[in-house]
Amino acid sequence: MSKLGFVDGRHYSAYVVEVRRLKRVGDLDSAKEFLLRLVDASEAEAEGGGWGVDPWYYEQLAIIYRQKEQPADELAVLERYERQAKAPGAVSVPLRLAKRLAGLRAKAAQ
């Protein structure tokens, strides 16, 4: 049985350094695929525990999608974040993501 919030035997939060390393070396495809797994784990844990998700993983995905010029995917990940219960505490990242989402929606409406 897998534990909520775990990916390959480790809690999703243990992989921040690995995501940063993949991005630093320019392996955006691997970082993206890994982040998608981490977001899934974060959402499963949040739902199972009755708390909110960490915005960092969604923000990193949005950044990668922007770098790869994939606006539809960027919009989708920001909308996915918007639908989630938010973790308490951090305010600046959720606000930044909300502004980014509003900008993408405005572009799409043009």
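Quantities reported herein were computed from a predicted structural model and do not represent experimental measurements.
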Q | Cation-pi geometry met for Arg10 and Tyr15 (6.0 Å, 45°) | A | yes

Q. With the threshold set at 4.0 Å, does a side-chain nitrogen-carboxylate oxygen contact exist between Lys32 and Asp73?
A. no

**Q.** Residue pair His11, Glu45: steps toward the side-chain contact (heavy atoms from CB on, under 4.5 Å) verdict
**A.** CA-CA 10 Å; His11 191 263; Glu45 182 183 67; 2.8 Å; yes

(Q) Show the nearest heavy-atom pair for residues Leu4 and Ala44, with the distance to one decimal. (A) CD1-O, 3.8 Å

Q | Donor-acceptor contact below 3.5 Å, side chain Lys68 vs main chain Arg66 | A | no

Q: Pick out which of Leu78, Val77, Leu38 makes a side-chain contact (heavy atoms from CB on, under 4.5 Å) with Leu61.
A: Val77

Q | Min side-chain heavy-atom separation Arg21-Glu18 under 4.5 Å | A | yes

Q. Can we say Asp40 and Arg80 salt-bridge, meaning some charged N sits less than 4.0 Å from an Asp/Glu carboxylate O?
A. yes

Q. Taking all atoms of both residues into account, what is the closest heavy-atom pair of Ile64 and Ala31, and its distance?
A. CD1-CB, 3.8 Å

Q: Answer with yes or no whether the hydrophobic clustering places Val39 together with Val93; edges join I, L, V, M, F, W, Y residues whose side-chain heavy atoms lie under 4.5 Å apart.
A: yes

Q) Can you tell me if Glu43 and Tyr12 form a side-chain donor-acceptor pair at under 3.5 Å? A) no

Q: Could you walk me through whether Arg105 and Glu79 pass the salt bridge (charged side-chain N to carboxylate O under 4.0 Å, His left out) test, one step at a time?
A: CA-CA 10 Å; Arg105 284 179 171 159; Glu79 288 177 334; 3.4 Å; yes

Q: Work out which heavy atom in Ser13 is nearest to a heavy atom in Tyr57; give both atom names and the distance.
A: CA-OH, 3.2 Å

Q) Do the non-hydrogen side-chain atoms of Pro71 and Tyr65 ever get within less than 4.5 Å of each other? A) no

Q. So does Arg100 pair up with Glu74, basic N to acidic O under 4.0 Å?
A. yes

